[in-house]
Amino acid sequence: MTFDVKAIPLVANFNQMMAQREGAMVHGIILGIFCLGFGIFLALTELATHNSIADRAMEDRQNSLGQVIPKTIHDNNPVLDTLTLKDDEGEDLLIYRARQNGQVTGVAYEVHGSGYAGRMKFMLGVDAEGKVLGVRALSHKETPGLGDKIETKKGDWILQFVGLSIGNPPLEKWKVKKDGGKFDQFTGATITPRGTINAIRSGLEFFAANRAQLLEVK
Amino acid sequence: MSQAATATISGPFAHNTNTVQRTMFTVVLALSPATLFNLYLFGWPSIFLFAVTIGACLATEAISLLLAGRPLWRTLTDGSAILTGWLLAMTLPPWAPWWIGVLGAVIAIPLSKQAFGGLGQNLFNPAMVARVALLVSFPVVMTAWIAPHPLFSDHSPSVQQSVAITFGGEMPDGVTAATALGYVKTELSRGVPVAESLTEYGRDTTLTYTPDLMDLATGYKPGSLGETSAVLILLGGLYLMRRRIITWHIPVTVLGTLFVMGTIFNLVDSSRFAPGLFHVFSGAAFLGAFFIATDYVTSPVSEKGQIIFGIGVGLLTWVIRTFAGYPEGMAFAVLLMNSVTPIIDQYTRPRLFGRTRKGEPLPIKVSP
Amino acid sequence: MATPSYGRIARDGLWDNNGVIAMLLGMCPTMAMTTSATNGLGMGLATAVVMAASNFMVAASRNYITREVRIPVYILIVAANVTFVDLTMNAWMHELYKVLGLFIPLIVSNCLPLARLESFASKEPVMPALMDGIFMGLGFTLALTLIGAIREITGAGTLFADASLLLGPAFKFMEMRIMPADMGVLMMILPPGGFLVTGFVVVGKRLIDIRTGKGIQMSGAHSV
Amino acid sequence: MQEYILLMVGAALVNNVILARFLGLCSFMGVTTRIDTAIGMGLATTFVITVSSMGNWAVEQYLLEPYHLGYLRTVTFILVIAGAVQFTEMTVRKVSPPLFQMLGIYLPLITTNCAVLGVALLLVEGKMTFIAATVFAFASSLGYSLVMVIFAGLRERLALSEVPQLFAGPPIGFIVASLLALAFLGFSGISTT
Amino acid sequence: MKLFPIRGGIHPDYHKELSGECAIETLPLPTRLYLPVQQHIGAPAEILVSEGETVKKGQLIARRQGQISAPHHAPTSGTVIAVTEVPAPHPSGLSQLTVVLEPDGHDEWVTTLPEPIADPFAVPAEVLAERVADCGIVGMGGATFPSAVKLQLGIRHRIDTLLINGAECEPYLTCDDRLMREHADEIIDGARIMAYALGAGRIVIGIEENKPQAIAAITVAATAFPQLEIAALPVKYPMGSERHLTLAITGLETPARKLTADLGVVVHNVATARAVYQAVRFGRPLITRVVTVSGEGIRTPKNIEAPIGTQVNDLIAFCGGFAQRPERIIQGGPMMGTPLPNLDVPVVKGTSGILALTAAEINDRPSDPCIRCGSCVNICACGLTPVELAARIRHDDLEGATKLGLLDCVSCGSCSWVCPSHIPLVHYFNYAKGALAAQDREQRKLERTKTLVEANTARQERLAAQRAAARKPKAAPGGEVSA
Amino acid sequence: MLTAVGSLTAMGIALGGLLGVAARLLAVEEDPLEQELQAMLPGSQCGQCGFVGCAQAAVALAKGEAPVTLCPPGGKAVAEQLAKRLGVSVDLSEHAAQVPMYAVIDEALCIGCTRCVKECSVDGIIGTSKMMHTVLAETCHGCGKCAEACPTEAITMVEIPRTLATWHWPKPNAKHIH
Ligand SMILES: Cc1cc2nc3c(=O)[nH]c(=O)nc-3n(C[C@H](O)[C@H](O)[C@H](O)COP(=O)(O)O)c2cc1C
Ligand SMILES: Cc1cc2nc3c(=O)[nH]c(=O)nc-3n(C[C@H](O)[C@H](O)[C@H](O)COP(=O)(O)O)c2cc1C
Ligand SMILES: Cc1cc2nc3c(=O)[nH]c(=O)nc-3n(C[C@H](O)[C@H](O)[C@H](O)COP(=O)(O)O)c2cc1C
Ligand SMILES: Cc1cc2nc3c(=O)[nH]c(=O)nc-3n(C[C@H](O)[C@H](O)[C@H](O)CO)c2cc1C
Ligand code: SF4
Ligand code: SF4
Ligand code: SF4
Ligand code: SF4
Ligand code: FES
C-alpha cells in the first residue's frame with residue numbers, strides 16, 4: 001500500500017503555496033511550523049529531562065555545600081533548609097543551615113572580597129561556635145598561576161582556615177604577613193590573599209553579629 | 001669615462017650623510033651614559049643580563065635572516081637589533097635570570113620584527129612587546145626590583161655570586177626593593193592614601209633600601225636596568241634632539257601630558273592620585289618618552305601625528321598607572337598607541353601644496 | 001556541484017578545508033575554548049554532534065525552506081540541537097556536562113555549523129550532509145585539541161589535565177605534566193596566546209602543505 | 001552616573017568583546033581589510049547589538065523568567081536577533097536611504113556574528129537593569145567597533161609591508177591580533193565594579 | 001621685503017664655491033654642433049634644412065609646429081653635414097632627429113635677422129611675444145617651456161607681478177649667479193620688457209642670500225627703476241620652484257592643477273630675461289647659453305657661454321678634462337638633473353649645468369628598508385608623504401598613489417636626499433608618473449580604436465546596404481574597394 | 001509546555017511574516033548571473049575575499065572586477081566552477097604581460113591584394129588594389145588579423161618602439177628594498 005502525502009489537502013495546498021512562493025504569510029507559516037516542531041521537540045526533551053536535571057542540580061549543591069559543612073555534623077538537607085538575612089550592605093543573603101537532631105550545628109553562606117581582577121566569591125561554612133568549618137572559592141577571576149592558588153585544585157592555602165575564628169588568631173592578625181598578620185601571601189601576589197582573608201574575616205564578623213538569628217531553631 | 005647606454009638610476013645625485021646604521025648607533029651612544037651608570041649601580045648580574053639580552057637579539061636576528069634567506073651581514077650590523085636588545089635590557093629587572101633576556105629576544109626579534117618582514121615593517125615596538133609579554137607571563141620575576149648594589153661597594157655581589165644570580169637563578173635574600181610606583185600602588189590597594197605612602201616610601205623599614213629625594217633625582221634607586229637615572233636619560237635625549245635624530249614632539253607631549261594629568265587629579269584628590277612630578281620622574285617615563293615612544297618604525301611619521309601619539313602615550317600611561325592592575329603603564333601605553341599609529345598616519349597627512357585639507361584644489365585668490 | 005565522494009568529504013573536513021585552520025571559521029570557540037587540550041577536545045566533540053545533527057536535519061528539509069526564512073530556520077535548527085544536547089547531557093551525562101556545560105550554549109553562535117548548512121547541507125542529500133557534519137566537526141575537534149594542547153603545554157606545563165573528568169576515569173593516563181607549573185608562560189593561556197598559537201598552527205599547516213607539494217593555499221589572499 | 005561610566009569602560013576596554021571575550025572573531029578576521037568597511041561593520045553591529053539586546057532583555061524579563069523557560073533562551077534570543085536585524089534593515093532603508101547605502105550590506109552578516117548573541121547572554125548572566133543592559137550592550141559594541149577599526153588600520157599598513165610568504169595573510173593577522181590583545185591587557189585590573 | 005615661509009625644504013651642501021668665482025668664458029667654436037629638433041616642452045620643431053646645405057649664424061633651421069613649440073636657429077655659420085638620428089641628452093640613451101652642423105669658422109651672421117625693436121615699450125605686447133617666439137626662446141630655468149606662450153598670458157589673465165627667478169637653489173650651479181653679476185643691466189631690461197608685455201606693474205627679482213654679489217649687482221642696476229624690487233630669499237632648497245617662489249614672495253599659494261598666472265603672477269628665469277633682451281633689442285635668436293661645468297670630477301670648473309649643440313665632450317675638454325673618475329655625468333643640477341648616458345650628447349637650451357660627480361659627492365649606497373623616520377614627510381615642500389607613496393607604488397597601487405598626491409610632486413628630490421635608508425623615492429615617483437602617462441596614452445588609443453571600429457562597421461554596413469540596393473536592379477559591378 | 005511551544009511558534013510566525021513582508025517590500029532587482037554566481041559561492045559571508053559578503057563578491061565577479069580565485073573558503077573547486085560559468089581561464093600563466101605590437105608590411109613582398117585592408121577593423125592600412133600597402137602605426141592596435149590574411153606573409157607584427165615621448169623610468173629594482 002502506498003501513501004501519498006500530497007493526497008492530504010493541507011499538504012497539497014501548502015505545496016501549491018510553496019510553488020508560488022507568494023504572500024508574506026507563507027514564510028511566516030514555514031518558520032512558524034519549524035518553531036512549532038522544534039518547540040514541541042524541546043518542550044518534550046525538557047519534560048523528559050526536567051526531574052533528572054533538578055536532581056543533578058540538588059546533588060551538585062549538596063556536594064559543594066558538603067565541602068564547607070562536613071556530612072558528619074548534620075542529618076538534614078542544608079540545601080533545602082535556608083534562611084534569608086540582610087548582610088552588611090543590606091543585600092539579601094541566603095543561608096544554608098545544617099542541623100543535627102533539629103539543633104543548628106552549622107551554617108554556610110556566600111562571602112566575597114575584592115581580588116586583583118574583581119570580585120571573588122567564596123562559600124563559608126561556620127559551626128555553631130563561630131569556627132570556620134570550611135571555605136571554598138566559588139568564582140574568581142584571579143590570574144592563573146598567581147592568584148588562583150586560592151582554589152583547592154591549585155593548592156592547600158585555603159584549607160588553613162579550618163578551625164579558626166575571630167580571636168583565634170586575634171582580629172588584628174587576620175592579615176597577610178606582609179601587612180603584619182598571620183597568613184602567608186603568595187609570592188608576587190598579595191592582593192588575592194588579602195582579599196580572601198578580608199572576605200573570611202567579615203564573614204565571621206557577620207556570624208558574630210547575627211549569631212542569634214542564625215542558630216535560632218524554628 | 002663611459003657609462004652604460006641607459007642611466008639606470010634617476011636623481012637626485014646628492015644625499016645627506018645620514019644612514020640607518022648611523023642613526024641607530026647615535027641612539028646607542030645617547031643611551032650609553034644612563035646604561036653605564038645603571039650597570040655600575042646594579043653590578044655584575046646586570047652586566048651579564050645586559051650582554052645576554054643583546055647577544056640573544058643578535059643571534060635570533062641572524063637565525064631569522066638565515067631562515068628567510070636574506071643577506072646576513074648588512075642587516076645584522078645596521079644596529080637595529082642591537083638597539084632593540086639594548087632597550088629591552090634596559091627595561092628588565094636588573095638581576096633577572098638569563099633566560100628572561102633570551103626569551104625576550106625571541107619575542108622581540110623573530111616574532112615582533114622578522115615575522116613582519118624585518119626592519120621597518122613591524123607594527124609594534126619589538127622591545128616593548130617583549131617586555132610586556134614577559135611581564136604578563138612572569139609577573140613575579142619581572143617585578144623583582146633590587147636595591148642599588150654599586151660595583152666595587154661592599155654589598156655588591158662578587159663575580160661568582162653574580163654568575164649564580166644571573167645563570168643559576170639564585171636570588172639572594174634581602175636584596176629586593178619596591179619601586180616608588182609599585183609601592184604606591186600596593187599601598188593604595190590596602191587603602192593607604194597616596195600622599196601618605198609617598199612619604200612612607202622613604203621611611204618604610206621593611207624595604208631593604210629606601211631612596212631619599214636626592215637619590216630619586218640622580219637615579220640611585222631601585223628600578224629596571226636602565227630607567228633609574230632621569231638626568232642621564234634626559235642628557236641622552238637632548239643629544240638626540242641636537243643630532244636631529246628625534247624631534248621634541250613626542251618626548252615633550254608624553255611628559256607634558258603625564259605631568260598635566262597627574263597634577264590636575266592630584267589637586268582634585270591627593271589621597272587617591274599621585275602628583276604630576278612623581279609621575280614624570282618615576283618609572284620609565286623619561287626612558288619611554290625619549291627612546292621608546294620615539295621609535296620611528298612604530299610611531300607616526302608626521303609631526304602632527306607625533307603630537308597626537310605623544311599625548312596618547314602620556315594619557316594612557318597615566319590611566320594604566322592610576323587605575324589598572326599593573327604598576328607601570330609606559331610599555332602598554334606605547335603598544336596601544338602603536339596600534340593606532342596607522343590610523344593617526346592616515347588622518348594627519350600634511351596638507352598638499354595648493355590643495356585644501358580634503359584634497360580639493362584651493363580656490364583662486366588674487367594678490368591684492 | 002556534483003556531490004563529492006565520502007573520501008573527499010573526509011579529507012576536506014579534516015585537513016584540506018579544515019574549518020578552523022583553512023577556512024578560519026568558528027574562531028570564537030577556537031580562541032575561547034583552547035586554554036587546555038581537554039577543553040578543546042570537549043568543545044570540539046560537542047560541536048561535532050551538533051553539526052552532524054543540524055546538517056542532517058537541514059538536508060532532509062531543504063526543499064521546504066524558502067529563501068527568505070532560510071537563515072532563521074538554520075539558526076533555529078542549530079539552536080534547538082544545542083539546547084537538546086545541553087538538556088540531555090545535563091540530565092544523563094552529568095559529570096561530562098559539568099566540564100562542558102559552560103561551552104555548549106556557545107555552539108549556537110559558532111559560525112562554522114551555519115556555514116556548513118548554507119554551503120553544503122542545503123544543497124546535498126542527507127547522507128553526504130551527515131558525513132560532512134561529522135568530518136567538519138572532527139576537523140574542528142582536531143584543530144581545537146591541537147591548539148589547546150600547545151597552549152596548555154606552554155602555558156601551564158600540563159597536557160590533557162582533567163581529561164578523566166571529560167572522558168571517564170579510564171582516561172586518567174592521558175593527564176600529563178610536561179614541565180613544572182611555574183615554568184608556564186602565562187601569556188599562552190591568556191587571550192594573546194590564543195591568537196598566537198592559532199597563527200602558528202596555520203603556518204604549520206602551510207609548511208606541511210608545502211612539504212606534501214600542495215603549496216601555500218593563500219586563504220585570505222586579499223587581506224595582505 | 002559613575003557606575004555607568006565604569007560599566008562602559010569595563011565593557012569597551014577591559015573586557016573587550018573581541019580581545020578579551022573572544023566574540024565576533026570571524027568578522028574581526030574577515031571584514032577588516034579596509035578601514036571604511038570596518039567602520040561600516042562597526043556602526044551596523046553597534047546598532048543591531050543595542051537594539052536586539054533591548055529586545056532580548058524584554059524576552060528574558062517577561063517571557064523566560066516568569067514562565068521558567070530558561071531552556072528556550074538560545075532559541076528565542078536568536079529569533080529576536082534575526083528579527084532585530086530585519087527590523088533594522090527595514091527601518092534604516094525607510095528612514096535614511098543614505099545610511100542604508102552605508103550599512104545595508106553589512107546587515108545580513110550580523111545575524112551570524114556571535115558577538116550579538118554573546119552580549120545578550122552576558123546581559124542575562126549579569127542580571128542587569130534595563131538601562132544598565134542597554135548601556136552595557138552599547139559600550140560592548142563600541143569596544144567591538146574600536147578594535148575592528150584599529151585592526152583594519154593595522155592591516156592596511158600590513159598590506160604595504162613586506163611580510164614573508166609563509167606568514168602573509170591569516171598568520172600575520174593572528175600575530176597582530178595577539179599583540180593587540182597583549183596591549184589591551186594593560187587595561188586589565190581596572191576595577192569596573 | 002617681507003617674505004612668507006614655505007613648508008619643509010632642505011639644506012644640501014651647495015659646492016657653489018667650485019665655480020662661483022669663475023667669470024663666464026666663451027667657448028671656442030667646436031668642430032661639430034648637434035641641434036636636436038626637440039629642446040623644449042611641446043611639439044618638436046620641423047627641420048627646414050637638408051644635408052649639404054650651408055647655413056649662416058642665426059639662420060632658422062627648424063620651425064615650430066603648432067601652438068606650443070619653439071624654432072631652432074644655427075648657432076654659427078657652416079655646413080649641414082647630416083640630418084639624422086643622434087642620441088639625445090636623455091637618460092634613456094634614445095635617439096632623436098638632429099641637424100649636425102660643421103662650423104666653417106667664419107661665425108657669419110645671417111642677414112635676415114629681425115630688426116631690433118628700438119623702443120619696446122611703445123609696441124603692442126603681441127609684437128614682443130611674436131619676437132620672443134621667433135627667436136626660439138624657451139624657459140632657461142630648466143622647464144624649457146616656450147617663453148612666448150607665457151608672455152601671452154597677459155592677454156587672458158590679469159597679471160600684476162612678474163617674478164624673476166634668480167634663486168638658483170640647486171647645488172653646484174652658478175650660471176645664473178654669474179649672469180646676474182656680469183649682465184645685471186641686460187637682465188633688468190629683459191625683465192622690464194617682459195613685464196610690459198604681460199601688463200605687470202610690479203617686478204620682483206628673487207635671489208637667495210648666498211649670492212651677495214649678485215644681489216648687489218642687481219640692486220645697483222635696478223636703482224633706476226622704481227617698479228623693481230629685490231627679494232633676498234632664505235637659502236633653502238627648493239626655493240627656486242615656481243610655486244614656492246611665488247608663495248615666498250607674494251604669500252599666494254598656487255592651487256593645484258592651476259598656473260601661477262591664475263593668481264596674477266608669472267615667473268621667468270634670469271637667463272630667459274637676458275635672452276628676451278637680446279631678442280628684442282638686437283633681434284638675436286637664442287643660440288648660446290651659459291652652462292656651469294662643475295663637480296669634483298672636473299679639473300677646472302667653469303661657467304661657459306657655449307653655442308647650443310656643443311657636445312658635452314667638448315665642454316669637459318675645455319675645462320681640462322677629468323680630475324678624477326666621475327661616478328656620473330649629470331645634466332642640470334644634482335637634485336633635479338638627469339644622468340647622461342654618455343658624453344657624445346649635445347648641450348641644449350635647457351642645459352644649465354654639466355656636472356661630473358664623484359661617488360663621494362653623490363654619496364649613494366644601496367638602499368635599506370624604510371625605517372619610517374618621517375624625514376621625507378617633514379621636508380617635502382609640497383606636503384606629500386613620500387614614504388607612503390613609494391610603498392603604494394612598490395605594490396603597484398598607482399591609483400592609491402595618485403590619490404595621495406603623486407601628481408602634485410614637483411620631483412624636487414629633497415625626499416631622496418634626506419632619506420637615511422637611501423630609498424630611491426623620486427625614482428619611484430618618476431616611474432609612476434611615466435607609467436600613469438603610458439596608461440593614459442593606452443586609454444586614449446583604446447578609445448580611438450573604439451571609435452574607429454565603430455566608424456568602420458558603420459561604413460561596412462552602409463556599403464553593404466548600397467550593394468544590396470544596387471544588386472536589386474542589376475548585378476553589382478565588383479572590383480574597386482576604397483581604402 | 002504550552003506556553004513554551006505557543007510563544008515560540010508565535011515568535012516564529014511573527015518573524016517569518018516580517019521576513020516575508022520585508023522580502024516583498026524590499027525586493028531588489030537581482031541580476032540572474034549574480035544570483036547564479038552567488039549560489040556557487042559558499043555563502044559563509046566570511047568576507048575573506050575582501051568583500052563584505054558573498055552577495056557583494058558575486059556582484060564583483062559578475063562585473064568581472066574580481067578574480068575567480070577570490071574565495072578562500074570555496075577553494076579550488078569554487079574557483080573552477082566560477083571560471084567555467086564565467087568562461088575564463090584560471091591558469092595564471094596566461095596573464096603574462098603582453099607587449100603592444102603593430103603591423104609592418106614588407107613593401108617588397110606586398111602584392112597589393114587588399115586582403116589586409118578588408119581585415120582591418122580600424123582602417124589602419126592604406127593602399128588600393130595592385131599598389132603597395134602601408135600601416136598607419138598610430139592607428140593599428142596590433143590585432144594581427146591582417147598578418148594572418150596576407151597571402152605572401154608580407155606582414156609581420158613588431159613591438160612598438162620606444163621613443164623619447166613614450167619612454168619612462170622603469171620601476172626601481174625591488175631588490176633595493178627589502
Ligand atoms: C599579569 C599580572 C597578574 C597578576 N595577578 C595577580 C593576582 O591574581 N593576584 C595578586 O594578588 N596579584 C597579582 N599580580 C601582582 C600585583 O600586581 C601586585 O604586584 C602584587 O599583588 C603585590 O604583591 P607583592 O607585594 O607581593 O609584590 C599580578 C601581576 C601581574 C603583572
Ligand atoms: C598657458 C600655459 C600652459 C602651460 N602648460 C604647461 C604644461 O602643460 N606643462 C608644463 O610643464 N608647463 C606648462 N606651463 C609652464 C608652467 O607655468 C611652468 O613654467 C612650467 O611648468 C615649469 O615650472 P617649473 O620649472 O617650476 O616646474 C604652462 C604655462 C602656460 C603659461
Ligand atoms: C624644485 C625646483 C627648483 C627649481 N629651481 C629653480 C631655480 O633655482 N632657478 C630657476 O630659475 N628655476 C628653477 N626652477 C624652475 C622654476 O620652477 C620655473 O620653471 C622657472 O623659474 C620659470 O622660468 P623659465 O620659464 O624662464 O625657465 C625650479 C623648479 C623646481 C621644480
Ligand atoms: C629614536 C629611536 C628609537 C628607537 N626605539 C626603539 C624601541 O623602543 N624599541 C625597539 O625595539 N627598537 C627601537 N629602535 C630601533 C628600531 O627602530 C627597531 O629595531 C625597529 O622597531 C625594528 O623594526 C629605535 C630607533 C630609533 C632611531
Ligand atoms: S626618509 Fe626614507 S626612511 Fe625616512 S620615512 Fe621617508 S622613506 Fe622612510
Ligand atoms: S620629490 Fe616630490 S615627494 Fe619628494 S620632496 Fe620633492 S615634491 Fe616632495
Ligand atoms: S570569501 Fe567566499 S565565502 Fe567569503 S564572502 Fe567571499 S565569496 Fe563568500
Ligand atoms: S594588426 Fe590589426 S589593427 Fe593593425 S593593421 Fe593589421 S588588421 Fe589593422
Ligand atoms: S565563531 Fe564567533 S564570529 Fe565566527
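Because the structure is predicted, anything quoted here is derived from the model rather than measured. Chain letters run A, B, ... following the sequence lines, proteins first, then strands; residues in each count from 1.
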side-chain contact (heavy atoms from CB on, under 4.5 Å) between D:Tyr71 and C:Phe84: does it pass, once the steps are laid out? CA-CA 9 Å; D:Tyr71 66 95; C:Phe84 178 76; over 6 Å; no
Please report the shortest heavy-atom distance between D:Thr74 and C:Pro105, naming the atom on each side. CG2-O, 4.2 Å
Answer with side chain, backbone, both or neither: which region of C:Leu87 has an atom nearer than 4.5 Å to a non-hydrogen atom of chain D? side chain
State, with a plain yes or no, whether a side-chain heavy atom of C:Pro191 is found less than 4.5 Å away from one of D:Leu19. no
Is chain C contacted by the side chain of D:Leu117, its backbone, both, or neither, given a heavy-atom distance below 4.5 Å? side chain
Would you check if D:Leu185 and C:Pro192 make a side-chain contact, meaning some heavy-atom pair closer than 4.5 Å? yes
D:Phe22 ring center within less than 6.0 Å of C:Phe195 ring center: yes
Atom CG of D:Leu25 and atom SG of C:Cys111: how far apart are they, to the nearest 0.5 Å? 8.5 Å
How many angstroms lie between SG in D:Cys114 and CG in C:Leu114, if you round to the nearest 0.5 Å? 11.0 Å
Any side-chain heavy-atom pair of C:Val78 and D:Ile78 under 4.5 Å: no
Answer yes or no: is there a donor N or O on one side and an acceptor on the other, between the side chain of C:Arg206 and the main chain of D:Gln165, under 3.5 Å? yes
Should the heavy atoms of other residues, nucleotides or ligands under 6.0 Å from CZ of C:Phe56 be counted, would the total exceed 12? no
Whatever's closer than 4.5 Å to a heavy atom in chain D on C:Tyr74 counts as neither
Can you confirm whether D:Tyr4 is buried at OH, in the sense that more than 12 heavy atoms of other residues, nucleotides or ligands lie under 6.0 Å from that atom? yes
Look up atom CD1 in C:Ile75 and atom CD1 in D:Ile81, then write down how far apart they are to the nearest 0.5 Å. 8.0 Å
For D:Val75 and C:Thr83, run side-chain contact (heavy atoms from CB on, under 4.5 Å): C-alpha distance rounded to whole Å, both residues' side-chain angles, the deciding distance at 0.1 Å, then the answer. CA-CA 8 Å; D:Val75 181; C:Thr83 311; 3.8 Å; yes
For D:Phe167, does the CZ atom have more than 12 heavy-atom neighbours from other residues, nucleotides or ligands under 6.0 Å away? yes
So which of C:Thr198, C:Leu207, C:Val82 has the largest heavy-atom pair count under 4.5 angstrom toward chain D? C:Thr198
Using the side-chain contact (heavy atoms from CB on, under 4.5 Å) rule, take C:Leu196 and D:Leu182 through it: C-alpha gap first, then chi angles, then the decisive distance, then the call. CA-CA 10 Å; C:Leu196 196 62; D:Leu182 193 63; over 6 Å; no
When rounded to the nearest 0.5 Å, the distance separating CE of C:Met27 from CZ of D:Phe174 is 4.0 Å
Engaged part of D:Phe28 at the chain C interface, taking heavy atoms whose separation is under 4.5 Å: side chain
